[in-house]
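As the structure lists them, so they are numbered: ligands from 1, and atoms in each ligand from 1.
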Amino acid sequence: MNPNEHIAKKSLGQNFLIDKNIILKIIKYIDPKMDETIVEIGPGLGALTNYLAESVNNLLLIEYDTELAKLLKNKYLESENVSVIEGDILKVDWEQFLPIDKMIGNLPYNISSQIIIKMFQYRERIKSSLITIQKEFAERLVAKPRSKKYGILSVYSKLYCDAKLLYKIPNQVFRPIPKVESAVVELKFHKKLKYKIDNLDFFHKIIRTAFNQRRKQLKNSLGVFYKEEYKDKFDWKLRAEAIDLDGYYELYKLFS
Ligand code: SAM
């Protein structure tokens, strides 16, 4: 198939980057080095891939769309530094390619939170990530306490990485043009967490429970964990959105 004949699949979040200046800007942010191993999620028609293939010794492409994966396999048949896996990034075994230096991509927006949560799980073996995601979602990743956008993902993100919103991208640079705006975000993962948390699932659960009823005071939203003996050990009148990462760690220690 000729790449020009490809019809974008909405179900796979296919919005292809077509603006050379933006592509070059993203490549600059990725800052590929020859000796790095880079994994690209959803290379699509190769907007970023074309530049990366010339810049790193080890590039792995993971593409779910059978037609596009086939195109990429043909294109890079002779390139020893490029390999292609046809598969779903949420289902392929990440152990086969870790550790890596960078995980990058213009992500399919419908699954970007699941992809990021998976990156958090494997953070010890991924140095950093440079991704394009929905702008709203990017703002939530970097949101500070007491702001409207501050939520579960903002707290997770502070625990697992330093997240930076680098650049907002206009809709017009994609084909088809998406309904939502986009942003480029950098995640630098913490190899070692700031706190010793033996039960991360429980830590996550406290955060999720608090935000499930974000308008309520913690005494109520965290009612399932609260006991009278904790009365003077925290300000229970506060709401989920006022608590920073340190605060959630305090709650975790209290409830553990
Ligand atoms: N990188 C290309 C670009 O910037 O023009 C395409 C980006 S497009 C927003 C998202 C890409 O991810 C598409 O190529 C799509 O087929 C692919 N994709 C969608 N779901 C995927 C999944 N679960 N695993 C891997 N790739 C996926």
Novice: Lys168 and Glu139: salt bridge (charged side-chain N to carboxylate O under 4.0 Å, His left out), yes or no, with the steps?
Specialist: CA-CA 10 Å; Lys168 292 182 185 165; Glu139 287 169 343; 3.7 Å; yes
Novice: Applying side-chain hydrogen bond (donor to acceptor under 3.5 Å, both in side chains), name anything that partners Tyr51, two or more places apart in sequence or on another chain.
Specialist: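 By the side-chain hydrogen bond (donor to acceptor under 3.5 Å, both in side chains) rule, Tyr51 matches no residue at all.
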Novice: For the ring pair Phe225 and Phe202, is the centre-to-centre distance below 6.0 Å?
Specialist: yes
Novice: Give me the one residue out of Leu130, Val185, Leu24 that meets side-chain contact (heavy atoms from CB on, under 4.5 Å) with Tyr29.
Specialist: Leu130
Novice: Only one of Phe189, Trp94, Phe97 passes ring pair (Phe, Tyr, Trp, His ring centres under 6.0 Å) with Tyr122; say which it is.
Specialist: Trp94
Novice: Output yes when Asp244 and Lys158 qualify as a salt bridge under the 4.0 Å nitrogen-oxygen rule, no when they do not.
Specialist: no
Novice: Which protein residues come within less than 4.0 angstrom of ligand 1, counting heavy atoms only?
Specialist: Leu12, Gly13, Gln14, Asn15, Phe16, Leu17, Glu40, Gly42, Pro43, Gly44, Ala47, Ile62, Glu63, Tyr64, Asp65, Leu68, Gly87, Asp88, Ile89, Asn106, Leu107, Pro108, Ile111
